[in-house]
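Just so we're clear, the structure is a prediction, and the values are computed from it rather than from any experiment. Counting starts at 1 for both ligands and their atoms, in listed order.
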Amino acid sequence: MTTAQLQDLDRRHLWHPFTPMKLWAGEAPLVITDAQGMYLIDSDGNRYLDGVSSLWCNVHGHRVPEIDAAIRAQLDRVAHSTLLGLSNEPAIVLADRLMKVVPQNLKKVFYSDSGATATEVSFKLAAQYWFNLGKPEKREFISFTEAYHGDTFGAMSVGRTDLFHRAYLPMLFKVHSAPTPFPYRWPGTERTDAEVCAAALKALEKILYEHSAGIAAVCIEPVVQGAAGMIVHPAGFLRGVRDLATRYNVLLICDEVAVGFGRTGRLFACEHEQVQPDLLCLAKGITGGYLPLAATLATQDIFDAFLGEPSEGRTFYHGHTYTGNPLACAAALASLDLFERNDLIAQVGLKVQALSNMLESLAELPNVGNIRQKGLMVGIELVADRATKRRYDPLRRIGVEVCQRVRQHGIILRPLGDVIVLMPPLAMGVDELQRIVEAVMIEIERLM
Ligand code: PLP
C-alpha cells in the first residue's frame with residue numbers, strides 16, 4: 001500500500017492510545033513499516049533513531065537475529081497454549097531463569113501480558129493475601145503523587161492523574177497519596193536531596209502511623225518515577241520506604257514495568273538500594289521489547305497464603321488468555337541470554353557517564369529548568385522562566401513541538417508534557433546518543 005493509502009485508512013479506522021484524535025485527523029501520521037537495529041523505517045523508506053525504545057520497551061534494538069531466531073524456533077513448535085490447567089516449556093524455563101536474576105526473596109512468577117495487568121495482579125494479590133490471612137480490613141493502598149501504574153481500574157486508582165482520570169474518579173477505590181520526593185519542585189524554599197528524602201519519608205510514615213491497620217500495600221516505581229516526568233528519587237528513599245513498609249506491616253509493591261531490565265543501570269532498580277519487594281511487577285523490557293508479556297513476582301509467604309482446599313476459597317481466581325504465551329517467553333529468554341552474552345549492564349554503565357557529559361551542554365540553556373538522569377532514563381524539563389521555574393502555558397504543547405522538530409533530524413522522541421524524554425534502547429551506541437542530544441539541543445535553542 002502507498003503511504004497515502006495507509007494514512008487514509010489509519011484516519012478512517014484507528015483510534016490511537018493517549019491521542020487527541022481531533023488533532024490526529026489533521027496530521028499526516030508516520031507509518032512504520034520496517035526496522036533495523038536502532039532505526040525505525042517509515043512507509044517512504046525514511047529512517048528514524050528510536051530515541052524512546054518504542055515506548056520504553058526495546059532493549060537490544062530491532063530485528064535482533066538471536067531474538068528473531070528464538071521466536072521462529074518457538075513458532076515451529078507451538079505459538080500459544082494456555083497456562084490454565086496446562087503448562088508450557090518456555091513459561092517454565094523463563095520462570096526459573098527469572099528466579100536467578102530477581103531479588104532472592106521472590107519465589108513465584110504470575111504471568112500476564114502488559115504493565116497494567118502486572119500491577120493489577122499485584123494489587124489483587126496484596127488485597128487477597130490479607131483477606132486470606134483473616135485481615136480483610138487491610139485493603140487500601142498507598143501510592144506516590146503522580147504515580148502511573150497503567151490504565152485498568154485498579155491501576156488508575158493507585159496511579160491517579162486528574163487530567164486522565166477525571167471521568168472515572170468516583171469509580172476508583174480509596175488510595176492514600178504520599179508525596180513524591182521531587183527535589184526540583186518540592187514546595188517552599190530550595191532543599192537538598194537528603195532533606196526532601198527525609199520530608200517525604202516522614203509524610204509516608206504519618207500515613208502509615210494513622211492508617212496501617214487498613215492498608216494492604218505501598219506501591220512505588222523504584223528510583224525513577226517515569227510517567228510523572230522522569231523524576232529521580234533521592235538516594236535512600238526506596239530503602240526508607242522498604243523499612244517503613246516492614247515496620248508498619250504492609251506489603252511493598254515495586255512497579256519495575258518501566259525501570260526494570262537495565263534502564264537505570266542495574267538489571268532491576270531495586271538493586272540500587274538492595275531492596276527486596278514483596279511483589280515485583282515486570283513488563284515492557286522483559287521480552288527485549290518484542291512481544292507483550294508481563295510478570296508479577298511474589299514471595300513464598302504470599303504464595304503460601306493462597307494454599308488450601310478449593311472449598312476454602314483461597315485460590316487466586318485471575319488469569320488472561322495469553323498468560324505465559326510461549327512465543328513471548330521464548331523472546332524473553334533470548335533477551336536474557338543477550339544481557340549475559342553482551343555484558344549489557346556493564347556496557348550501559350559505560351554509556352551512562354558519556355550521556356551525562358553530553359547533557360551538560362543542555363543544562364546551560366535558559367529554558368531548560370532541570371535535567372534528570374538515572375542510567376539511560378533522561379528527562380529534560382523545559383520552563384518558561386528558569387529563575388522562577390514557571391511552566392510554559394500547557395496550550396503551547398512545548399514538549400510536542402520540540403519532539404516534532406526533532407523528528408526532522410531523523411529521531412523519534414515522545415515527551416511527557418514539558419519534559420523531553422530520552423530513553424534509548426540499552427544497546428544504542430554513544431555516537432547515536434550524541435546525535436539525539438545534539439538534535440534536542442538545536443531544537444530547544446530554536447525555541448528562544
Ligand atoms: N507501570 C509503569 C511504571 C509504567 O511506566 C507503565 C507504562 O508506561 C505501566 C505500568 C503500564 O504498562 P502498559 O502500558 O504495558 O500497560
Check ligand 1 against [X] and write out every atom of the ligand that is under 4.0 Å from a heavy-atom position of the residue.
| X | answer |
| --- | --- |
| D255 | 1 (N), 2 (C), 3 (C), 10 (C) |
| W56 | 5 (O) |
| A258 | 5 (O) |
| S114 | 15 (O), 16 (O) |
| E221 | 3 (C) |

Protein heavy atoms near atom 16 (O) of ligand 1, is at least one of them under 4.0 angstrom away?
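Yes.
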May I ask you to check if ligand 1 and [X] share an N or O to N or O distance below 3.5 Å?
| X | answer |
| --- | --- |
| A116 | yes |
| G115 | yes |
| K284 | yes |

Per atom 9 (C) of ligand 1, closest listed option by heavy atom (I220, D113, V158, V257)
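When every heavy atom of I220, D113, V158, V257 is considered, V257 comes closest to atom 9 (C) of ligand 1.
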Ion pair present between [X] and [Y], side-chain N to carboxylate O less than 4.0 angstrom?
| X | Y | result |
| --- | --- | --- |
| E205 | R247 | yes |
| E89 | R77 | yes |
| R185 | E381 | yes |

Assign the ring pair F123 / F141 to parallel, tilted or perpendicular, where the plane angle (0 to 90°) is split at 30° and 60°.
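Plane angle over 60°, so perpendicular.
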Would you call the rings of H165 and Y168 parallel, tilted or perpendicular, taking 30° and 60° as the class edges?
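Plane angle between 30° and 60°, so tilted.
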Sidechain-backbone polar pair: S143 side chain, V158 backbone, donor-acceptor under 3.5 Å
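Yes.
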Taking 4.0 Å as the limit for heavy-atom contacts, which would you say applies to Y148 with ligand 1: side chain only, backbone only, both, or neither?
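Under 4.0 Å from ligand 1, Y148 contributes backbone and side-chain atoms.
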Mind checking whether H149 contacts ligand 1 via backbone (N, CA, C, O), side chain (CB onward), both or neither, at a 4.0 Å heavy-atom cut-off?
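It is the backbone that touches ligand 1; the side chain stays farther off.
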Between R407 and I412, does a side chain to side chain contact (heavy atoms under 4.5 Å, CB included) hold up when you go through it step by step?
CA-CA 6 Å; R407 194 175 285 184; I412 303 278; 4.1 Å; yes
Face-on cation placement of K389 at Y184 ring, 6.0 Å and 45° thresholds
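Yes, K389 sits over the ring of Y184.
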